[in-house]
Amino acid sequence: QVQLVESGGGLVQAGGSLRVDCAASGRTLSPDTMSWFRQAPGKGREFVGAIRWSAGTTYYADSVKGRFTISRDNAKNTMYLQMNRLKPEDTAVYYCAIVRRGSSFTWVDGMEYWGKGTLVTVSS
């Protein structure tokens, strides 16, 4: 069984920064790709970004490109989401996920494992 645990959410003012971590444990600790999603109140879950675990190649949604950075620490089996220049519209529960092999990393239904999420609130 694989477990993903997000941490680091909280309240931050607009323009500020926050880092959210995703720690993975259990079997299959060498994912091909991991993704970040978020879900704002009353909205669907949306893709934020992804990272190819081996190469470290990253991909971002247009809404966060240039402000958010994804990285990983192979030794700690941890993925990070550094969020800068935060906006009120970034307020959401942030989830990390392991992409099912062969699936698109932007597709909610393409995830094999999910964390329970962590809330990020950006005040104006």
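Computed from heavy atoms alone, side chains included, the values below leave out hydrogens, waters and symmetry copies. In what follows, residues are counted from 1 in the order of the sequence shown.
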Colleague: Evaluate M83 against V12 for side-chain contact (heavy atoms from CB on, under 4.5 Å), listing each step before the verdict.
Modeller: CA-CA 11 Å; M83 301 179 288; V12 63; over 6 Å; no
Colleague: Looking at every non-hydrogen atom in both residues, tell me the closest pair between R101 and P31 and how far apart they are.
Modeller: NH2-C, 4.5 Å
Colleague: Does R72 reach the main-chain N or O of W53 with its side chain, forming a donor-acceptor pair under 3.5 Å?
Modeller: yes
Colleague: Once you measure the plane-to-plane angle for F37 and F47, does it fall in the parallel (<30°), tilted (30-60°) or perpendicular (>60°) bin?
Modeller: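 Rings of F37 and F47: perpendicular, over 60°.
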Colleague: When you look at CD of Q3, are more than 12 heavy atoms from neighbouring residues, nucleotides or ligands closer to it than 6.0 Å?
Modeller: no
Colleague: Return yes if some donor-acceptor pair links the side-chain N/O of R100 with the main-chain N/O of D109 below 3.5 Å, else return no.
Modeller: yes
Colleague: Is a donor on one side and an acceptor on the other found under 3.5 Å between the side chain of T91 and the backbone of V122?
Modeller: yes
Colleague: Taking side chain as C-beta onward, heavy atoms only, is V99 less than 4.5 Å from M111?
Modeller: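 Side chain of V99 against side chain of M111, heavy atoms only: contact under 4.5 Å found.
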Colleague: Could you walk me through whether I70 and Y59 pass the side-chain contact (heavy atoms from CB on, under 4.5 Å) test, one step at a time?
Modeller: CA-CA 8 Å; I70 298 173; Y59 308 86; over 6 Å; no
Colleague: Please determine if D90 and K87 form a salt bridge, counting it only when a charged side-chain N lies under 4.0 Å from a carboxylate O.
Modeller: no
Colleague: If we only count heavy atoms from C-beta on, is the R38 to V64 side-chain gap below 4.5 Å?
Modeller: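 The answer is yes; the side chains approach within 4.5 Å.
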Colleague: Between atom OG1 of T58 and atom CH2 of W36, what is the distance when rounded to the nearest 0.5 Å?
Modeller: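 Atom-to-atom, T58:OG1 and W36:CH2 are 14.0 Å apart.
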Colleague: Taking the side chain from Y95 and the backbone from E6, do they hold a donor-acceptor pair closer than 3.5 Å?
Modeller: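 Answer holds: no.
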Colleague: Stepwise, does the side-chain contact (heavy atoms from CB on, under 4.5 Å) test hold for I51 with Y80?
Modeller: CA-CA 10 Å; I51 186 166; Y80 307 99; over 6 Å; no
Colleague: What I'd like to find out is whether the side chain of E112 reaches to under 4.5 Å of the side chain of V2, using heavy atoms alone.
Modeller: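 Not touching, per the 4.5 Å side-chain cut-off.
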Colleague: Do you know the tightest heavy-atom contact between R85 and S17?
Modeller: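 Reported closest heavy-atom pair: N-OG, 4.4 Å.
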